[in-house]
Amino acid sequence: MTVDLQSPGILIEIDKQKIFINPEEILYAESRRHGVFIKTVKDAYLAGGDLNRLEQKLNPQFFSGVIKAFWST
């Protein structure tokens, strides 16, 4: 039996629930008062944390910080 240890996406917390988001579906992310607004192809999320923590989870080859409070593909 082979176990796939690869994550199905990045783990974010929304309203005390943890969900996975596919990084390939993220259009942009921006800092909001008490979290990070993440816009994907299908949905929008207001997650806990900050852009620095999100940045650490994303591949810098595909994401670039345009300005300090905004990330884009």
Side-chain angles (χ1 to χ4, degrees):
M1 177 170 108
T2 304
V3 177
D4 183 5
L5 298 176
Q6 195 171 32
S7 170
I10 60 170
L11 184 64
I12 62 170
E13 186 173 326
I14 300 171
D15 296 328
K16 298 183 181 181
Q17 293 183 343
K18 294 182 179 175
I19 66 166
F20 285 100
I21 293 180
N22 182 345
E24 294 177 5
E25 294 183 1
I26 296 175
L27 299 175
Y28 67 90
E30 64 183 48
S31 181
R32 294 278 173 100
R33 255 186 197 176
H34 300 289
V36 178
F37 177 78
I38 302 170
K39 176 64 177 139
T40 67
V41 174
K42 299 176 186 174
D43 293 302
Y45 304 95
L46 185 57
D50 58 38
L51 278 178
N52 289 331
R53 284 180 42 202
L54 179 61
E55 175 185 1
Q56 293 171 359
K57 298 177 182 182
L58 298 173
N59 185 338
Q61 184 177 8
F62 301 110
F63 291 88
S64 62
V66 178
I67 58 176
K68 188 174 183 178
F70 188 87
W71 276 88
S72 173
T73 57

Colleague: Show your reasoning for whether side chain to side chain contact (heavy atoms under 4.5 Å, CB included) applies to Ile19 and Ile12.
Modeller: CA-CA 6 Å; Ile19 66 166; Ile12 62 170; 3.7 Å; yes
Colleague: Looking at every heavy atom in both Pro23 and Gly9, which two are closest together, and how far apart are they?
Modeller: CD-CA, 3.9 Å
Colleague: Which atom pair, heavy atoms only, marks the closest approach of Ile10 to Lys57?
Modeller: CG2-O, 3.7 Å
Colleague: Between atom CD1 of Ile21 and atom CG of Leu54, what is the distance when rounded to the nearest 0.5 Å?
Modeller: 8.5 Å
Colleague: Which pair of heavy atoms, one from Lys18 and one from Leu11, lies closest together, and at what distance?
Modeller: CB-CD1, 3.7 Å
Colleague: Identify each donor-acceptor pair in which a side-chain atom of residues 33-42 lies under 3.5 Å from a protein atom, sequence neighbours left out, and give them as a table.
Modeller:
{"from": "Thr40", "atom 1": "OG1", "to": "Lys42", "atom 2": "N", "distance (Å)": "3.4"}
{"from": "Thr40", "atom 1": "OG1", "to": "Asp43", "atom 2": "N", "distance (Å)": "2.9"}
{"from": "Thr40", "atom 1": "OG1", "to": "Asp43", "atom 2": "O", "distance (Å)": "2.9"}

Colleague: My understanding is that only residues two or more places apart in sequence, or in another chain, count here; which of them pass salt bridge (charged side-chain N to carboxylate O under 4.0 Å, His left out) with Arg53?
Modeller: none
